[in-house]
J.: 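I have a structure I would like to understand better, so I am pasting it below and will then ask my questions one at a time.
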Amino acid sequence: MKIKTLSIFKLFFVIISLCLYSINTLHAQKDGFETKVLKLRESLKDSTHYTQADIDFAILDKMKSFFATREEGAKYDNASILEARKYEDKIFKNKMQLAVAFLNKYPQDKRYDKALGMFFNPYFDPLFIPETIVDNKVRFIDSIPVSSSSSLDKSKKHNYDMRKMNLDNKAMEQWLDKGNELVSNILVSNTSLERKEQCETYILFRDYRQALRWYHLMDRIPSEANYWEYVSKKYWDGFRLRFEAHLNRYGILEVTASRVQMFLQSLKTWCPYLIKPYWEYFFKITSSTNPLADQPAFKALHNMAAENLKAMRALEVFDATQPLDMAFTAMDGTKIDLAKMRGKVVLVDFWSLSCAPCIKEMPHVQAIYDKYKDQGFNVIGIASNGDDAKEAVEKIQKKTGATWPQRLDKGKDAVVSFKSLFNINSFPTVWLLDKEGKIVDKNARGQRLEPLIRKYLELDNH
């Protein structure tokens, strides 16, 4: 099956590039989601240990990661573009409606906030495909090759068509209003400041995802780069100001700094030229001249901005012939500093949870690590995930036997994203550093790895 789970950025791409089409749903669509819900309900209803709220939440929690049954997956893999998008829309809408039903029915339930988080999860965002599309548009979409044209050409074709389509704006407005209502009810309550901040964050990132949809539809011609950089600045400045307002409102909570960081890390994918001026802006407004500068979030963000700007300046003059600088606290609390590892050969493994080849390689790397670690070979892992992935990373470590330190590149302790800093755009990416700390190979994997290690440990010279 092509898609069982999607990273947030992959999901952005699906939503942005392919979301405005409609056709008859897959034949198995109703049977897949709705039948699974019914079966779950039947399996739970006779238990004396569950209340109705327990049953409803168990179903919501079970279906949050649902994409397709095996049979539906086979049909999805072979579906037309329209069929696939319609299927995705139906799945996201079904999950969103399950969340709304629970929130409406159990406003005092202890699991309310978990259900609210699901409602605002990107995997619950409907695509708002209209019920009908005129025949000529259907023919146009069906004529788009799924695999023969380049990704860029396909993206442009989708963009042209999306600009001609009409979303189900009424349904979209109802969805937006419902989210605003749910958050407003919490903001006017006597609940904790932490809870209010989290809910406002939901709205911020929901609106950011929606803005990305429309931004992606702009057909930016390379020869007009300066013009589109100006347009992009005007387009995203509103969000910069919204995140600043959020910082001002919740500066007493250190987590607020990470919200700005997440925004900028994400935006770099689309507008890399905005990131340096935006970090410079946040560095300036969190300086000692700001009356709120002593608040935890302002201090944390000021340090983040300083470190990111320092890293960007270093990257501007980056010389691969010079030793690589990298220092961080690993997931297990280990302090890593490449400067203190000079004299050793070091493998830097950039990977992510969604990279199957990365994980498959780990037992092989561990075997080589065990063989050569006493002779000066070290490994460090840079997992391109955040704090919520810690448990999953630990499970992979246990399953593969990987014992080297791992950094969560988007975790709360990650002031600078190395993936973003070094423009790591694909996985696996594996760098080998010699004893001086210089990058000597950027694809140190598979059968190539051991000979390279022996070479740079100078084991074959004896």
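Keep in mind that what you see is a predicted model, and the values were worked out from it rather than measured. As a basis for the values below, the full set of heavy atoms in this structure was taken, side chains included, without hydrogen atoms, waters or symmetry mates.
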J.: When you compare the side chain of Phe57 with that of Tyr106, does any pair of heavy atoms fall below 4.5 Å?
T.: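 No. Closest side-chain heavy atoms not under 4.5 Å.
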J.: Hey, is the main chain of Thr403 close enough, under 3.5 Å, to the side chain of Gln366 for a donor-acceptor pair?
T.: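 Flag set: sc Gln366 to bb Thr403 pair under 3.5 Å.
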J.: Applying side chain to side chain contact (heavy atoms under 4.5 Å, CB included) to Leu267 and Tyr278, what does each step give before you reach the verdict?
T.: CA-CA 10 Å; Leu267 189 61; Tyr278 276 14; 3.8 Å; yes
J.: Where do Arg259 and Thr201 come nearest, in terms of heavy atoms and distance?
T.: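 Looking at all heavy atoms of both residues, the shortest contact is NE-OG1, 3.3 Å.
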J.: State whether the side chain of Asp409 and the backbone N or O of Phe418 hold a donor-acceptor pair below 3.5 Å, judged by distance alone.
T.: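 Yes; judged by distance alone, with no hydrogens or angles, the pair exists.
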J.: Could you state the interatomic distance from CD1 (Ile275) to CH2 (Trp270), rounded to the nearest 0.5 Å?
T.: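 Answer rounded to 0.5 Å: 12.5 Å.
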J.: Taking the six-membered ring for Trp, are the ring centroids of Phe243 and Tyr208 within less than 6.0 Å of each other?
T.: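 No - the distance between ring centres of Phe243 and Tyr208 does not fall below the 6.0 Å cut-off.
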J.: In Å, rounded to the nearest 0.5 Å, how long is the span from NZ of Lys114 to CZ of Phe102?
T.: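 Nearest 0.5 Å value for the NZ-CZ distance: 10.0 Å.
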J.: Flag the pair Gln406 / Gln397 as yes when at least one side-chain heavy-atom distance between them is below 4.5 Å, and no otherwise.
T.: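 Touching, per the 4.5 Å side-chain cut-off.
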J.: For a quick test of reading the model, state the closest non-hydrogen atom pair linking Asp294 to Lys299 and the distance between them.
T.: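 Shortest heavy-atom separation between Asp294 and Lys299 comes out as O-CE, 3.3 Å.
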J.: Within a strict 4.5 Å, meaning less than it, do heavy atoms of the Val379 and Val346 side chains meet?
T.: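 Heavy-atom side-chain distance check fails, nothing below 4.5 Å.
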J.: Can a donor-acceptor pair be found, under 3.5 Å and without considering hydrogens, that links the side chain of Ser266 to the backbone of Phe263?
T.: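 Between the backbone of Phe263 and the side chain of Ser266 there is no qualifying donor-acceptor contact (under 3.5 Å).
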J.: Nearest 0.5 Å please: distance from the CG atom of Leu264 over to the CG atom of Asn308.
T.: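 These two atoms lie 8.0 Å from each other.
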J.: Verify the ring-centre separation between Tyr235 and Trp214: is it less than 6.0 angstrom?
T.: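 Judged by ring-centre distance (under 6.0 Å), Trp214 and Tyr235 do not meet the cut-off.
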J.: Is it the case that over 12 heavy atoms from other parts of the model lie below 6.0 angstrom from the CG atom of Leu187?
T.: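 Result for CG/Leu187: enclosed.
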J.: May I have the step-by-step check of side chain to side chain contact (heavy atoms under 4.5 Å, CB included) for Trp351 and Glu361, ending in yes or no?
T.: CA-CA 11 Å; Trp351 68 287; Glu361 181 90 355; over 6 Å; no
J.: Using the ring of Tyr369 (Phe, Tyr or Trp, six-membered ring only), decide whether Lys373 places NZ or CZ under 6.0 Å from its centre and within 45 degrees of its axis.
T.: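 Judged by the rule, Lys373 and Tyr369 form a cation-pi pair.
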J.: Would you call Asp237 and Lys234 a salt bridge, taking side-chain N to carboxylate O under 4.0 Å as the test?
T.: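 No, this pair does not count.
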J.: Assess the residue pair Asp207 and Arg242 against the criterion (salt bridge (Lys or Arg N to Asp or Glu O under 4.0 Å)); give the C-alpha distance rounded to whole Å, side-chain angles, the decisive distance to 0.1 Å, and a yes or no.
T.: CA-CA 11 Å; Asp207 292 349; Arg242 285 184 65 179; 3.0 Å; yes
J.: Shortest non-hydrogen contact from Trp404 to Gly381?
T.: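 Closest heavy-atom pair between Trp404 and Gly381: CD1-N, 3.6 Å.
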J.: Measure the acute angle between the ring planes of His302 and Phe283, then classify it against the limits of 30° and 60° as parallel, tilted or perpendicular.
T.: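 Rings of His302 and Phe283: parallel, under 30°.
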J.: Whether the side chain of Asp125 engages the backbone of Phe120 through a donor-acceptor N/O pair (distance < 3.5 Å, no angle test) should be reported.
T.: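 Checking the backbone N and O of Phe120 against the side chain of Asp125, no donor-acceptor pair under 3.5 Å is found.
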J.: Go through the side-chain N and O atoms of Glu173 and Asn169 and say whether any donor and acceptor fall under 3.5 Å apart.
T.: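 Distance-only check fails for Glu173 and Asn169.
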J.: Start with the C-alpha gap between Asn248 and Leu292, add the side-chain angles, then the distance that decides, and say whether side chain to side chain contact (heavy atoms under 4.5 Å, CB included) holds.
T.: CA-CA 8 Å; Asn248 288 333; Leu292 302 177; 3.9 Å; yes
J.: Can you see which heavy atom on Phe427 is nearest to which on Ser384, and at what distance?
T.: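 So the two residues come closest at CZ-CB, 3.5 Å.
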J.: Does the side chain of Leu253 come within less than 4.5 Å of Leu193's, by heavy atoms?
T.: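 Of all side-chain heavy-atom pairs linking Leu253 with Leu193, at least one is under 4.5 Å.
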J.: Got Lys105 and Asp56 here, is their nearest side-chain heavy-atom distance under 4.5 Å?
T.: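 Yes, at least one pair of side-chain atoms sits under 4.5 Å.
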J.: Is there side-chain contact between Leu408 and Val393, with at least one heavy-atom pair below 4.5 Å?
T.: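 They are in side-chain contact.
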J.: Would you confirm whether Asp89, through its side chain, and Pro126, through its main-chain N or O, come within 3.5 Å as a donor-acceptor pair?
T.: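 Flag not set: sc Asp89 to bb Pro126 has no pair under 3.5 Å.
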J.: Testing Glu200, Lys196, Glu197 one by one against Tyr250 for a side-chain hydrogen bond (donor to acceptor under 3.5 Å, both in side chains), which residue passes?
T.: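 Between Tyr250 and the candidates, side-chain hydrogen bond (donor to acceptor under 3.5 Å, both in side chains) is satisfied uniquely by Glu200.
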J.: Do Arg206 side-chain atoms and Pro122 backbone N/O form a donor-acceptor pair below 3.5 Å?
T.: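 Looks like no, no N/O pair under 3.5 Å.
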J.: Considering only NZ, NE, NH1 and NH2 on the basic side and carboxylate oxygens on the acidic side, decide whether Glu181 and Lys178 come within less than 4.0 Å.
T.: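 Salt bridge between Glu181 and Lys178, a charged N being under 4.0 Å from a carboxylate O: yes.
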J.: Would you say Asp177's side chain and Gln174's backbone share a donor-acceptor pair under 3.5 angstrom?
T.: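 Such a contact is absent between Asp177 side chain and Gln174 backbone.
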J.: Ion pair present between Arg111 and Asp54, side-chain N to carboxylate O less than 4.0 angstrom?
T.: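 Salt bridge: yes.
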J.: Output yes when a side-chain donor or acceptor of Ser192 lies under 3.5 Å from a complementary backbone atom of Arg195, and no otherwise.
T.: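 Checking the backbone N and O of Arg195 against the side chain of Ser192, a donor-acceptor pair under 3.5 Å is found.
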J.: Between Glu307 and Trp279, do the side chains contain an N or O donor and an N or O acceptor separated by less than 3.5 Å?
T.: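 The answer is no; no qualifying pair exists.
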J.: Does Tyr202 reach the side chain of Gln198, with side-chain heavy atoms less than 4.5 Å apart?
T.: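 They are in side-chain contact.
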J.: So, do Ile186 and Leu116 sit near enough that their side-chain heavy atoms are less than 4.5 Å apart?
T.: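 Heavy-atom side-chain distance check passes, below 4.5 Å.
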J.: Quick one: CE on Met118 to CG on Leu60, what's the gap to the nearest 0.5 Å?
T.: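 Interatomic distance, Met118 CE to Leu60 CG, rounded to 0.5 Å: 4.5 Å.
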J.: Among side-chain atoms of Ser354 and Ser352, is any donor-acceptor pair under 3.5 angstrom?
T.: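 Checked: Ser354/Ser352 side chains pair up, N/O donor to acceptor below 3.5 Å.
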J.: Please report the closest heavy-atom contact between Asn185 and Val188, naming both atoms and the distance.
T.: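 For Asn185 versus Val188, the nearest heavy atoms are O-CG2, 3.5 Å.
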J.: Do any N or O atoms from the side chain of Thr400 and from the backbone of Ile396 form a donor-acceptor pair under 3.5 angstrom?
T.: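 Answer holds: yes.
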J.: Going through the distances and angles, do Lys64 and Asn121 end up as a side chain to side chain contact (heavy atoms under 4.5 Å, CB included)?
T.: CA-CA 9 Å; Lys64 69 184 179 184; Asn121 188 289; over 6 Å; no
J.: So, the side chain of Asn290 versus the backbone of Ile285: is there a donor-acceptor pair under 3.5 Å, distance only?
T.: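 Yes; judged by distance alone, with no hydrogens or angles, the pair exists.
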J.: Of the non-hydrogen atoms in Ala330 and Pro405, which two are nearest, and what is the gap between them?
T.: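 What the structure gives for the nearest pair is CB-CB, 3.7 Å.
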J.: Please round to the nearest 0.5 Å and tell me the distance separating atom OG1 of Thr329 and atom NZ of Lys335.
T.: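 Spacing of OG1 (Thr329) from NZ (Lys335) equals 3.0 Å.
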J.: To the nearest 0.5 Å, what is the distance between CE on Met63 and CG on Asn94?
T.: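 Reported to 0.5 Å precision, the distance equals 8.0 Å.
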